[in-house]
Amino acid sequence: MKGVVFTEFLDFVSGSLGADMADDIIDDADVASGGAYTAVGTYPHTEMQALVVALAHRTGTPAPDLLRLFGSHLCRRFVAKYPEFFEAKTSLFDFLDSVDGHIHVEVHKLYPDAELPVFRLNRRGADTIHLDYESCRPLEALAEGMIRAAADHYRQPVAIDTSRVEEEAGSFVRFSIQHAA
């Protein structure tokens with residue numbers, strides 16, 4: 001997992017709960033890196049899981065809820081750092097449709113070793129899409145937080161239902177996203 005996700009996570013924790021909390025969860029998680037992350041480094045995703053579990057334990061907030069909050073934070077940071085990806089699209093659905101075919105291609109140019117999730121979009125009419133999220137990492141709550149923040153960015157309220165789909169080739173998470181009135 002790319003270090004930028006770790007550095008942003010620790011910034012998220014520090015900004016919302018204080019630098020001491022960030023230090024405490026690094027200590028609690030006892031991660032091999034010692035919490036010394038660089039944005040361009042690559043780290044095992046299990047370290048992120050350990051940090052999130054440590055934060056959940058300290059705050060009493062379920063890990064999926066923390067990941068959704070962090071996903072919202074991360075999306076807002078990406079809007080600030082990489083506005084061109086967001087400005088090139090005029091709607092949430094068009095933006096989500098560009099993630100695999102455009103944004104992840106650009107990410108791979110910068111970080112050839114990045115192991116990114118796969119997003120497949122299937123339009124179900126003008127107001128509904130299915131966005132399938134396939135990853136070896138159980139971070140669908142993070143993805144949901146990012147989707148919700150992107151919807152806020154485009155000022156397009158949505159309702160999201162999440163389900164796990166099992167197929168012969170494997171499983172994935174399906175986000176059924178519908179424009180809300």
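Throughout, numbering of the chain's residues begins at 1 and tracks the sequence.
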Return the minimal non-hydrogen interatomic distance between [X] and [Y], and the atom names on each side.
| X | Y | value |
| --- | --- | --- |
| Ser171 | Arg164 | OG-NH1, 3.3 Å |
| Ala19 | Ser14 | CA-OG, 3.8 Å |
| Glu47 | Ala32 | OE2-N, 3.5 Å |
| Tyr37 | Leu51 | OH-CD1, 3.6 Å |
| Ala63 | Ala56 | N-CB, 4.0 Å |
| Phe6 | Pro44 | CZ-O, 3.6 Å |

Given the side-chain rings of [X] and [Y], with only the six-membered ring counted for Trp, is the space between their centroids under 6.0 Å?
| X | Y | answer |
| --- | --- | --- |
| Tyr133 | Phe119 | yes |
| Phe86 | Phe95 | yes |
| His179 | Phe93 | yes |

Original post:
Going by an N to O cut-off under 4.0 Å, is there a salt bridge joining Lys81 and Glu8?
Top reply: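 A salt bridge is present here (some side-chain N lies under 4.0 Å from a carboxylate O).
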Looking at [Y], is its backbone amide N or carbonyl O close enough to the side chain of [X] to form a donor-acceptor pair, meaning the two atoms are under 3.5 Å apart?
| X | Y | value |
| --- | --- | --- |
| Gln156 | Leu92 | yes |
| Thr59 | Leu55 | yes |
| Arg68 | Pro64 | yes |

When you compare the side chain of [Y] with that of [X], does any pair of heavy atoms fall below 4.5 Å?
| X | Y | result |
| --- | --- | --- |
| Met48 | Val5 | yes |
| Leu74 | Val4 | no |
| Ile160 | Arg148 | yes |
| Thr38 | Tyr43 | yes |
| Arg76 | Val79 | no |
| Lys2 | Thr42 | yes |
| Leu139 | Met1 | yes |
| Asp132 | Val173 | no |

Are [X] and [Y] in one and the same hydrophobic cluster, where Ile, Leu, Val, Met, Phe, Trp and Tyr link if side-chain heavy atoms are under 4.5 Å apart?
| X | Y | value |
| --- | --- | --- |
| Phe9 | Tyr82 | yes |
| Leu142 | Leu116 | yes |
| Leu121 | Val165 | no |

Subject >> Residue of the set Asp161, Thr162, Leu131 for which side chain to side chain contact (heavy atoms under 4.5 Å, CB included) holds with Ile177 >> reply: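 For Ile177, the side chain to side chain contact (heavy atoms under 4.5 Å, CB included) check succeeds only for Leu131.
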**OP:** Assign the ring pair His73 / Phe12 to parallel, tilted or perpendicular, where the plane angle (0 to 90°) is split at 30° and 60°.
**Re:**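 Tilted, since the angle between the ring planes falls between 30° and 60°.
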Subject >> Geometric cation-pi criterion Arg120 and Phe172, 6.0 Å radius, 45° cone >> reply: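 Yes, Arg120 sits over the ring of Phe172.
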Hey, what do you get for [atom1] ([X]) to [atom2] ([Y]), rounding to the nearest 0.5 Å?
| X | Y | atom1 | atom2 | answer |
| --- | --- | --- | --- | --- |
| Glu134 | Glu140 | CD | CD | 12.5 Å |
| Asp20 | Ile25 | CG | CD1 | 12.0 Å |
| Glu166 | Glu168 | CD | CD | 12.5 Å |
| Thr128 | Gln178 | OG1 | CD | 4.0 Å |
| Cys75 | Asp152 | SG | CG | 8.5 Å |
| Leu67 | Ser72 | CG | OG | 11.0 Å |

**OP:** Let me see the working for Val13 and Phe70 under side chain to side chain contact (heavy atoms under 4.5 Å, CB included), right down to the final yes or no.
**Re:** CA-CA 9 Å; Val13 172; Phe70 172 54; over 6 Å; no
Subject >> side chain to side chain contact (heavy atoms under 4.5 Å, CB included) evaluation trace for Arg58 with Asp28 >> reply: CA-CA 9 Å; Arg58 283 198 171 257; Asp28 293 352; 2.5 Å; yes
